[in-house]
Structure formats: C-alpha cells, structure tokens
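Read the structure below first, then the notes.
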Amino acid sequence: MKNRAFLSGDAVKVSFFVRNAKLIMDEECYFFLMASMRKMRMNIPLSYTLEFFQSLFRKDIIEGSGIENGIINFLVFRNTDGVTLSKSSVSYYYEVLEMSDVLAIHERPLELDLIKEINVNNNLLSNIRVHSAENIYGEIYAQENDLDDVIFLNPNKRIARASSGNLLFLEGNVIKIPKQAEGAYISPLMENFVTFLHKNNLADIQEHEIIAFESQKAEEILLISDEKGIFSVGKIRNKTFENIRFSELVKSWRESF
C-alpha cells in the first residue's frame, strides 16, 4: 500500500499532552484532530472515539513506556485502498517528545527574526498542521542564520506565526495574538492558556492584525508550540525582551491543573 504521507504529504498532525502520567486537554486535542481530518476530507473511522485515544495513549505510552510528561505528536495519513481518496482508509503514526513539564516555559529564551523571502497562506488549511514546505524552508533558514525560529508573514505582510507555533505579544496588560484568519495555527494548548487568563482576568486577550514592526514594540513575547512546548522569545534582531510577566502567567496556569 502506498504511503501518501510520504509520497504526497497527505496527512494531518495533532498533539496530545501527558502531564504527571495523565492526559490533559484530551477532549480539545481530540476534537481538533477530528476537525483537521474533516478539513482534509479524510474518512474518519468509527473507532476513532475519544475513549479509543485515551486507552491507546494510556496503554502504550503512560503504562507501556512509563512516560509521565511529554508531547505526543500524532499523525494520521490517508491510504490508497478506496475507490476515491475520500473513501480511502487512514492509518496513524505517533512519536513522543519527553520533557519535564509540558506546561513549563523552556529555560533558554529563543532568538527569532522575520523572514521576507516567503510567506504563509491564510486560508482554511493554513490553520491546521498539514505538510508545509514553508516550515521546512524556515527551519533551514533559521539554522543557517544562527536563529531558533523564524516569524512568517502572510501575503498582506502581517505576522502569521512562527514555523513551530503561535506568537503572543505582551504590552502592558494586553496580550495580542494574530488572528487565525491571518494564518495562525489553531492551537489547543494556546487556547487553553488564553482562556484561563481571560476567565481569571489576568490579562486582556485581543486577536489582532499585527504588522511586522509591532514585534519590536512588545515588552515580552511567548511562543506556544503544540509540537515542541512553550518558549519565551529573548531577541528579535537588536531588540531584547524580558520574560517576567509571561513567566508569572504561565506559572498560574500550570498551577490550575
């Protein structure tokens, strides 16, 4: 059977999170997986219930591999056994990135820069994690320029996201986030964080159209990657950023679990 993930990039990826030997945010991640598969017109098996994934990860990862904290990067890809592609069955593959706490900010701040050579789209499929040549280009560009990641703009020259996740810009008590319509990822991890802040009146969350220059105006910047975890941004070009307020906010969020 031909592997369409390998041959055509015909796959979607969603992350699940294990913390203290328990799945957290599993419902949000599950519903995001179902929505991503529907957007890619995949044939969703009847067996793909929330309980199926809870049991799979508990048996194979938490109990089977003894992993207590980490990110499960789960890939679903289309097979070639149907009369049409939309009728074809699907298979899955997953990898686990172990870490001490999926809800903690990584110790080392990141250095980012804007990339101008290419941009990312802002359509229906830009918000889910599908094959992205732009991400590969951005990752190589970052490595060649001694950066940790790059900031992508959309065709309107506004900030969309980083190659690995979403950006949050803090100014005073306001956290600005690029809109999904701008090309930002749908992120269960980020949505859980900003919902917590909003419910507890810890910050004013605003979705915005953000021009490139505004990255230099922010006091602090956070990068939330469902795939890799949570990072503070320490530097963009010659501008350095603090990580005091975001550290406090993430700590409060972490303690709420």
Side-chain angles (χ1 to χ4, degrees), residues 3-6 9-37 40 42 44-45 47-79 89-108 110 127-132 135-136 138-140 142-143 148-149 161-166 185-193 196 222-232 250-251 253-257:
N3 183 329
R4 286 185 57 83
F6 174 71
D10 189 359
V12 297
K13 185 158 55 172
V14 170
S15 296
F16 289 83
F17 306 98
V18 178
R19 186 167 189 258
N20 298 330
K22 289 180 182 173
L23 279 173
I24 58 169
M25 303 178 230
D26 46 351
E27 279 195 31
E28 297 102 301
C29 299
Y30 168 73
F31 287 123
F32 180 42
L33 174 61
M34 294 299 102
S36 298
M37 290 179 71
M40 282 296 285
M42 286 182 168
I44 300 174
S47 62
Y48 274 27
T49 62
L50 175 59
E51 293 72 24
F52 168 78
F53 291 103
Q54 288 170 331
S55 174
L56 173 70
F57 297 144
R58 187 177 64 251
K59 287 178 183 173
D60 288 8
I61 294 172
I62 298 170
E63 294 171 3
S65 301
I67 291 172
E68 295 189 355
N69 294 280
I71 298 174
I72 304 163
N73 285 308
F74 189 85
L75 186 89
V76 179
F77 59 93
R78 199 187 324 256
N79 299 315
S89 66
V90 295
S91 299
Y92 64 79
Y93 168 83
Y94 61 83
E95 291 181 339
V96 184
L97 175 64
E98 260 193 286
M99 55 182 65
S100 57
D101 189 344
V102 296
L103 302 183
I105 298 177
H106 286 251
E107 284 185 13
R108 190 177 68 82
L110 304 184
N127 307 134
I128 62 175
R129 284 160 62 200
V130 291
H131 171 69
S132 170
N135 283 353
I136 297 166
E139 192 175 350
I140 294 167
Q143 289 173 356
D148 297 297
D149 205 338
R161 57 175 175 80
S163 72
S164 60
N166 288 331
Y185 279 138
I186 296 169
S187 163
L189 189 62
M190 185 187 77
E191 286 176 15
N192 192 291
F193 175 57
F196 168 80
L222 197 68
L223 191 160
I224 296 185
S225 167
D226 284 39
E227 195 172 355
K228 295 180 178 178
I230 304 166
F231 303 84
S232 65
V250 170
K251 184 170 180 282
W253 175 51
R254 194 165 69 242
E255 288 169 355
S256 73
F257 277 82

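Computed over heavy atoms, backbone and side chain alike; hydrogens, waters and symmetry mates excluded.
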Subject >> Atom pair CG (Asn192) and CE (Met190), whose distance is rounded to the nearest 0.5 Å >> reply: 11.0 Å
Subject >> Residue pair Ile230, Phe193: steps toward the side chain to side chain contact (heavy atoms under 4.5 Å, CB included) verdict >> reply: CA-CA 11 Å; Ile230 304 166; Phe193 175 57; over 6 Å; no
Original post:
Going from CD1 on Ile72 to CD1 on Ile61, what distance comes out if it is rounded to the nearest 0.5 angstrom?
Top reply: 3.5 Å
Subject >> Side chains of His106 and Lys228 in contact at under 4.5 Å (non-hydrogen atoms) >> reply: no
**OP:** State, to 0.1 Å, how close Leu189 and Met25 come at their nearest heavy-atom pair, and which atoms those are.
**Re:** CD1-CE, 3.5 Å
**OP:** Locate the shortest heavy-atom distance separating Ile71 from Gly229; write the atom from each residue and the value.
**Re:** CD1-N, 3.6 Å
Original post:
Could you state the interatomic distance from CG (Leu23) to CG (Leu56), rounded to the nearest 0.5 Å?
Top reply: 9.5 Å
Original post:
Rounded to the nearest 0.5 Å, what separation is found between the OH atom of Tyr185 and the CD1 atom of Ile128?
Top reply: 10.0 Å
Original post:
If you take all heavy atoms of Asn79 and Val90, which pair is closest and at what distance?
Top reply: ND2-C, 3.4 Å
**OP:** Report yes or no: does Ser225 contribute a side-chain atom to a donor-acceptor pair with the main-chain N or O of Ser164 at less than 3.5 Å?
**Re:** yes
Subject >> Considering all heavy atoms, the nearest Tyr48-Ser91 contact >> reply: OH-C, 4.3 Å
Original post:
Rounded to the nearest 0.5 Å, how far apart are CG of Asn166 and CD1 of Ile224?
Top reply: 8.0 Å
**OP:** Quick one: closest heavy-atom pair of Asp149 and Ser163, and the distance?
**Re:** OD1-OG, 2.5 Å
Subject >> Pairing residues for Gln54 by the side chain to side chain donor-acceptor pair (under 3.5 Å) criterion, not counting sequence neighbours >> reply: Asp26
Original post:
Roughly how far apart are Ile62 CD1 and Ile67 CD1, rounded to 0.5 Å?
Top reply: 9.0 Å
Original post:
With Tyr92, which of Phe74, Phe77, Phe53, Phe57 fulfils ring-ring contact (aromatic ring centres under 6.0 Å, His included)?
Top reply: Phe74
Original post:
Can you name the residues that form a salt bridge (charged side-chain N to carboxylate O under 4.0 Å, His left out) with Asp60, not counting sequence neighbours?
Top reply: none
Original post:
If you look only at pairs with a residue in residues 91-101, which of them pass as a salt bridge (Lys or Arg N to Asp or Glu O under 4.0 Å), with sequence neighbours excluded?
Top reply: Arg19-Asp101, Asp101-Arg254
Original post:
Can you tell which of Ile44, Leu50, Val76 makes a side-chain contact (heavy atoms from CB on, under 4.5 Å) with Leu33?
Top reply: Val76
Original post:
Should Asn135 and Arg161 be marked as a side chain to side chain contact (heavy atoms under 4.5 Å, CB included) after you check the CA-CA gap, both sets of side-chain angles, and the distance that decides it?
Top reply: CA-CA 10 Å; Asn135 283 353; Arg161 57 175 175 80; 2.8 Å; yes
Original post:
salt bridge (charged side-chain N to carboxylate O under 4.0 Å, His left out) with Lys251: which residues, sequence neighbours excluded?
Top reply: Glu255
Subject >> Set of residues satisfying side chain to side chain donor-acceptor pair (under 3.5 Å) with respect to Ser65, sequence neighbours excluded >> reply: none
Original post:
Any side-chain heavy-atom pair from Leu222 and Val250 closer than 4.5 angstrom?
Top reply: yes
Original post:
Can you check side chain to side chain contact (heavy atoms under 4.5 Å, CB included) on Ile24 and Leu103, steps first, answer last?
Top reply: CA-CA 10 Å; Ile24 58 169; Leu103 302 183; 4.0 Å; yes
Subject >> Audit row: Phe231, Asp148, side chain to side chain contact (heavy atoms under 4.5 Å, CB included) steps and yes/no >> reply: CA-CA 11 Å; Phe231 303 84; Asp148 297 297; over 6 Å; no
Name every donor-acceptor pair, under 3.5 Å, that has one atom in a side chain of residues 9-18 and the other anywhere in the protein, sequence neighbours excluded.
residue : atom : partner : partner atom : Å
Asp10   : OD1  : Arg78   : NE           : 3.4
Asp10   : OD1  : Arg78   : NH2          : 3.1
Asp10   : OD2  : Arg4    : NE           : 2.7
Asp10   : OD2  : Arg4    : NH2          : 3.2
Asp10   : OD2  : Arg78   : NE           : 2.6
Lys13   : NZ   : Glu227  : OE2          : 2.9
Ser15   : OG   : Asn73   : OD1          : 2.6
Ser15   : OG   : Arg129  : NH1          : 3.0
Ser15   : OG   : Arg129  : NH2          : 3.4
Ser15   : OG   : Asp226  : O            : 3.0

